[in-house]
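Written below as structure tokens is the structure these notes are about.
First listed ligand is number 1; within each ligand, the first listed atom is number 1. If you read the sequence from its start, that first residue is 1, and numbering goes on from there.
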Amino acid sequence: MRTFPILVSFDGKPPLVTGGGELAAVKARLLLKRAPTVDIAADRVVPEIAALVEAGQVSLIRARPGIDQLRGRPLVIAATEDDEEDSRVSAIARALGVPVNVPDRPELCTFALPAIVDRGEVIVAIGTSGASPVLAQRLRAWLEQELHPRLDALAKLAAEFRGPVAERLPSGPPRRKFWEAVFEGAAAEAMLEGDEDRARALIGAAIEAAAARPEARGRVLLVGAGPGDPELLTMKAVRALKAADVILYDRLVGEGVLDHARREAELIPVGKAKGAHSVPQEEINALLIARAKAGQTVVRLKGGDPFIFGRGGEELDALRAAGISIEIVPGVTAGIAAAASLQIPLTHRDVSHTVTFLSGHEAGGEEPSFEHLDLAALASGKNTLLVYMGVTTAGHIAAKLIASGFRPDLPVLAVENASCEDERRVLATIAELAAHPERLALKSPAVLIFGEVAGLPTSGLVEDILALEELKRA
Ligand SMILES: C[S@@+](CC[C@H](N)C(=O)[O-])C[C@H]1O[C@@H](n2cnc3c(N)ncnc32)[C@H](O)[C@@H]1O
């Protein structure tokens, strides 16, 4: 059953359980965790249900309920354990559009009962679309441990201050930011620790401070999205994504990274996609400034680290010139992720004492001249070159290194889609790369790691590496 989670209100008619046996008692008990009362349709009931009737939590109605007894219910659970009767109840409920569940008969259900973590006002429902109730229970146990037992008190406190906050702060970003600060700050901490007076005083003071502040100004966060794997996002980056009103993102931002954005956030792609042009840098700068001036929290999300070949410097200059408040959130750059994936240290006390980050092409797109570099000095050994954007110029670069004195059998590793599921690694020597760059069949995005460290991979990873010798034989 494909499902979508919603939270059903029990404020109107009570939910109905059909059946008076043990199964019906279990279901009634479950519903009573959230419903003030439950109706049970049965002629005879087990003692547990009788006790609930006695306590005023359950009302008995006649067995074999008809259309009138089912109409208008928030939900019905058919638990008579009599297949024919459960099917009959399910058919009536479905005809009336009343959500119905029949335990262990998914074909008769229009909703599934989730595993629940109950913190009063805060409730978490876990479903696996029927795939694995055991997995749902395990997740529930984990969440029970992770979620603070006093979350309910925190939610009640927020409800208490909803009105005063709405009166004093304009709706939209100012109000949302106020609440984000409350939940991340000392007031929430005090409430969770049980110091309710302090929590109330802190929120009261925060409302006064926020109301007295001149109209909130927007800001821009330049955020590194890492090399692709969302697990490599920093916690700060995740927080920035959650706080953003608008996110301008590059093509190389990995799948799953944007899942951390708020549902209401506006997502604007500005990177170059296949067959389409990227938004010119000046337009991106203008958009960042305009949105921040309109009071929005703007995230400029860039693959890897924003300041490694990401034109982050240009955006920074434009934002500073416009007087916009800026924050930088660093990210894991592709070269570092590639080295980590291959388990090679970029510096190594025996073979590499420096690391140089290089672009594989000039600003205009042509082959790199490396004029600004003393390649001959680097050729002496003991260093690592990390080349970005060098897929089409790899052969040219390798030839240039040899001409500058690098030894021809120096290893070079190319890593495509580092950290992603389709990561691919190729090992060669720079002589082989210079002579037959096409044999590596490299595709963008890839980084090239030139240096002795590229020859260090552990044997466990060598199987993953396609040596050029093998390519030649193929
Ligand atoms: C415009 S640069 C941006 C670099 C980015 N700011 C960073 O720190 O990784 C784009 C180049 O980064 C490299 N790159 C980005 N993501 C990559 C990945 N997942 N695997 C390999 N190389 C990647 C490629 O060389 C690509 O051509």
So, regarding G310 and ligand 1 (criterion: nitrogen or oxygen to nitrogen or oxygen, under 3.5 Å), is there a contact or not? no

Considering distance alone, does some N or O of A446 sit under 3.5 Å from an N or O of ligand 1? yes

Looking only at protein heavy atoms, which one is nearest to atom 19 (N) of ligand 1, and how far off is it? P227 O, 2.9 Å

Counterpart residues, side-chain contact (heavy atoms from CB on, under 4.5 Å), relative to R198 (two or more places apart): A186, A190, D195, L202

Nearest non-hydrogen atom to atom 6 (N) of ligand 1 belongs to which of I308, L252, I336? I308

Report the member of A418, G224, S341, G390 with the shortest heavy-atom distance to atom 18 (C) of ligand 1. A418

Indicate whether the side chain of E266 and that of Q296 have a donor and an acceptor atom separated by less than 3.5 Å. no

Decide whether E452 and S352 meet the rule of one side-chain donor and one side-chain acceptor closer than 3.5 Å. no

If you measure from each heavy atom of S419 to ligand 1, is any distance below 4.0 Å? no

Pairing of D350 and K382 as salt bridge, 4.0 angstrom limit: no

Do R425 and S341 have a side chain donor and acceptor closer than 3.5 Å? yes

Between D118 and R140, is there a salt bridge with N-O shorter than 4.0 Å? no

Mark the output for A338 as yes if a heavy-atom distance to ligand 1 is under 4.0 Å, and as no if none is. no

Closest protein heavy atom to atom 7 (C) of ligand 1, given as residue, atom name and distance to 0.1 Å: T333 OG1, 3.2 Å

